[in-house]
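Report on one structure; see the data block that follows.
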Protein chains: 2
Amino acid sequence: MFWIYGFYVMTPRKPKSENSIVDIARALGISPATVSRALNNNLRISEATRVRVKEMAKEMGYRHNSMASSLRNRRSNTIGLIVPRISMYFHAFFITSLQRQLQAAGYNLMICQSNDSVKLEKELANSLYSARVDALVVSLTLYTEDISHFEGFVKQGIPLVFYDRVPAEGTPSYVIKGDDYRGGLLAGNHLVGAGCQRIAYVSGPLSCSIYHERTRGFMDALAKQDVALRKEWVYHHELTMENAWNSLRKLFDGHDVPDGLFAANDTTAIAAVEFARERAIRIPEDLRIIGYSNDPRTSIITPSITSIEQYPHEMADKVAETLIDALQQPVSGSSVSIGDPVVCPVDLVRRMTT
Amino acid sequence: MFWIYGFYVMTPRKPKSENSIVDIARALGISPATVSRALNNNLRISEATRVRVKEMAKEMGYRHNSMASSLRNRRSNTIGLIVPRISMYFHAFFITSLQRQLQAAGYNLMICQSNDSVKLEKELANSLYSARVDALVVSLTLYTEDISHFEGFVKQGIPLVFYDRVPAEGTPSYVIKGDDYRGGLLAGNHLVGAGCQRIAYVSGPLSCSIYHERTRGFMDALAKQDVALRKEWVYHHELTMENAWNSLRKLFDGHDVPDGLFAANDTTAIAAVEFARERAIRIPEDLRIIGYSNDPRTSIITPSITSIEQYPHEMADKVAETLIDALQQPVSGSSVSIGDPVVCPVDLVRRMTT
DNA sequence: TTGTATGCGTTATCAT
DNA sequence: ATGATAACGCATACAA
């Protein structure tokens, strides 16, 4: 709006809807710079003006514009997170914990779900890259092998942290993972120790680090104890209820059936318990079952299921710490060094299925 | 960097780290405006330059700066969400569904947890307000009664949508809620219909809309069937395992015990089943139990628990639709009108505890 | 302690 | 179809 020939002329622009620091400055008869400094509690500003400015800001309903601020400062105070599914127990608790800490440190968390689709993961990575997140945290899809869509972050020196489902070695990024190899080992030893000889294994796809590692550990355990793992009793597929149920049917179709099952996630273990109930297979006498993740459901079902605890909160602590370090000391180092994976402990929780 | 007396002079500013639209323009010898238009697929740009620009952009590793774009356009393409806890079943699935749809519509979702703290909820509201979210979606804490911290959104005409745990009437915002009154009614009728006469009720605090409504419905059902609800058998508190367990102990301490229990969430119902198992109370013969939310755990536990299904996905659909409508038709109307709550259906799912 | 001036990267407006 | 320019709101270097 400006003054011409005695008339106010409305420009066709959007009306200026909100007060900025310039408006406060004008109202107070001081410069915008002073206002900015006062609002940011800059040291070299008099107490008096600081107070005046803040009062006026409140009076005018001023709100800080973080978009402008971010543009100017070249940092968004936002951290991106790409996770396969929010609703998975492990991730839900991980996120809860991570977010609480980042919130406390003054960061916003932009949570996105890849839904286990590589294509979507790529799109999200690009979107968060454009959104100028200050850091990116990722747990990969089941099928991500090519991780070139994260290269931009590395090139720009934007901290990149993988957790849980991490890429193959050699990525110049932070890696924080569970000790899946040991988890597999524990599971294998436990089943054999309980007397199982005819062991079946239902796992996720090997393209995913966690299943790859669990499988390695499990295989090693069996090999070391001279227990054979028959090929036809090993399944690799997405670990949904339906898929699990299908594999179980195949496993127990003939008269030659397993006496032990390692289910690489708890959903599958739960399916197995329900399957056994339906078929009147006695647990643990006829079949011993061990799951993975220590999902709360495992302790609710009857019989309760032996599982591997992954400590999602501790993992979130580690990720948060890594992030905050990396963000505070740009480029230089943090306590977690790049490319040197942090391996978080796991524990076996014994229950009634073994 | 600028040219003086034949020398490039580095200013002490941060080095310009990335290529912008201006750099592309310079490289191509055209104007930044043209580059912007080309990248945005503006119609009045020649196919030839569009291609040239896009190629150069790719070559130079250009990435769109949404902070600048947002500042200029006065919209962030980001929607804020404040939820009590991500890890609650209902919310986890709601979020999953909502996010998928907003993602598809080109919006980012900034998910925050209030952790059922009113103080944190306020901080988050302010933070999202500063972050210039284009809309805000909220499910309130258990204790939020004063909702003045959302006033700013209303004043600025930023779409504000409450779902599930909604404020008392009269807020000029969109409201999408489950039919908690009917849920309570269904629960009450079901217990009485199954023959219960001595009914207990463990609920959340009445400051929270969902428990308020469930309680009303439940009370009405009992009243209509002339079944008394003893005061000493009614509890209102946060519905955690521990609290539930405490109340159950009190309920079953004497010799005069209930024969029916309405647990206003499934966690409490699960606690009740486990409590009954420990005390050798037979279900459903001695005690009938009904929960709320149809958490997957209710169908896994033995005996499986009768519960009320809330259809989180459908609710998310409705919220997404409302948001997208409201964002597309600023100020004017959408199919959901402000202040006129949308009530989503609920259904009783009968299982083995009744 | 405060003011002046500039630029962050993009896009809308107006002009050509 | 393309170019020149200004402005979104803020925060800093520099000057006073």
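Numbers restart at 1 for each chain; the letters A, B, ... are given by sequence-line order, proteins then strands.
One interatomic measurement links the two molecules: CE of B:Met67 to P of D:dA11, which rounds to 12 Å at whole-angstrom precision. When rounded to the nearest whole Å, the span between CG of B:Asn65 and C1' of C:dG9 equals 6 Å. Here C:dT16 presents its P atom at 21 Å from CD1 of B:Ile30, a figure rounded to the nearest Å. Between B:Arg72 atom CZ and C:dA12 atom P there is a gap of 6 Å when expressed in whole angstrom units. Nucleotide D:dC8 holds its C1' atom 13 Å from the CG atom of A:Asp23, rounded to whole Å. Nucleotide D:dA1 holds its C1' atom 13 Å from the CD atom of B:Glu47, rounded to whole Å. Counting to the nearest Å, the P atom of C:dT10 and the NE2 atom of B:His64 are 7 Å from each other. Taking atom CZ of residue B:Arg26 and atom C1' of nucleotide D:dG3, one finds them 16 Å apart after rounding to whole Å.
Ion pairing between a basic and an acidic side chain is recognised when a charged N comes within 4.0 Å of a carboxylate O; B:Asp317 and B:Arg100 show no such pairing. No salt bridge links A:Glu55 with A:Arg52; every basic N to acidic carboxylate O contact stays at or beyond 4.0 Å.
Look at B:Ser36 and you won't find any side-chain N or O under 4.0 angstrom from OP1 or OP2 of C:dG9. Between D:dG9 and B:Arg74, a contact under 4.0 Å exists linking OP1 or OP2 to a side-chain N or O. For C:dG9, the OP1/OP2 oxygens have no side-chain nitrogen or oxygen of B:Ser20 closer than 4.0 Å. OP1 or OP2 of C:dG3 lies within a sub-4.0 Å distance of a side-chain N or O belonging to A:Thr34. A sub-4.0 Å separation between OP1 or OP2 of D:dC10 and a side-chain N or O of A:Ser70 is absent. Listed pair A:Ser31 / C:dG3 meets the phosphate criterion, a side-chain N or O lying under 4.0 Å from OP1 or OP2. An OP1 or OP2 oxygen of D:dC8 is reached within less than 4.0 angstrom by no side-chain nitrogen or oxygen of B:Asn73. Between B:Thr49 and D:dT2 there is a side-chain polar atom (N or O) within less than 4.0 angstrom of OP1 or OP2.
Under the 6.0 Å cut-off for aromatic ring centres, A:Phe162 and A:Tyr174 do not qualify, their centroids lying 6.0 Å or more apart.
Of the two residues contacting DNA chain D, namely B:Val35 and A:Arg44, the nearest-nucleotide position lying further toward the 5' end is that of B:Val35. DNA chain D is contacted by both B:Ala68 and B:Ile45; B:Ile45 maps to the nucleotide lying nearer its 5′ end (nearest heavy atom per residue).
Within the 4.0 angstrom heavy-atom criterion, base atoms lie near A:Leu71.
A donor and an acceptor atom sit less than 3.5 Å apart, one in the side chain of B:Arg37 and one in the base of D:dG3.
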Listed pairs under 3.5 Å, donor-acceptor, residues 105-113 of chain B side chains, sequence neighbours left out:
| residue | atom | partner | partner atom | Å |
| --- | --- | --- | --- | --- |
| B:Tyr107 | OH | B:Arg75 | NH2 | 3.3 |
| B:Gln113 | OE1 | A:Thr96 | OG1 | 3.4 |
| B:Gln113 | OE1 | B:Ile86 | N | 2.9 |
| B:Gln113 | NE2 | A:Thr96 | O | 3.4 |
| B:Gln113 | NE2 | A:Gln99 | OE1 | 3.2 |

Side-chain donor-acceptor distances from residues 124-133 of chain A under 3.5 Å, at least two apart:
| residue | atom | partner | partner atom | Å |
| --- | --- | --- | --- | --- |
| A:Asn126 | ND2 | A:Lys122 | O | 3.4 |
| A:Arg132 | NH1 | B:His64 | O | 2.9 |

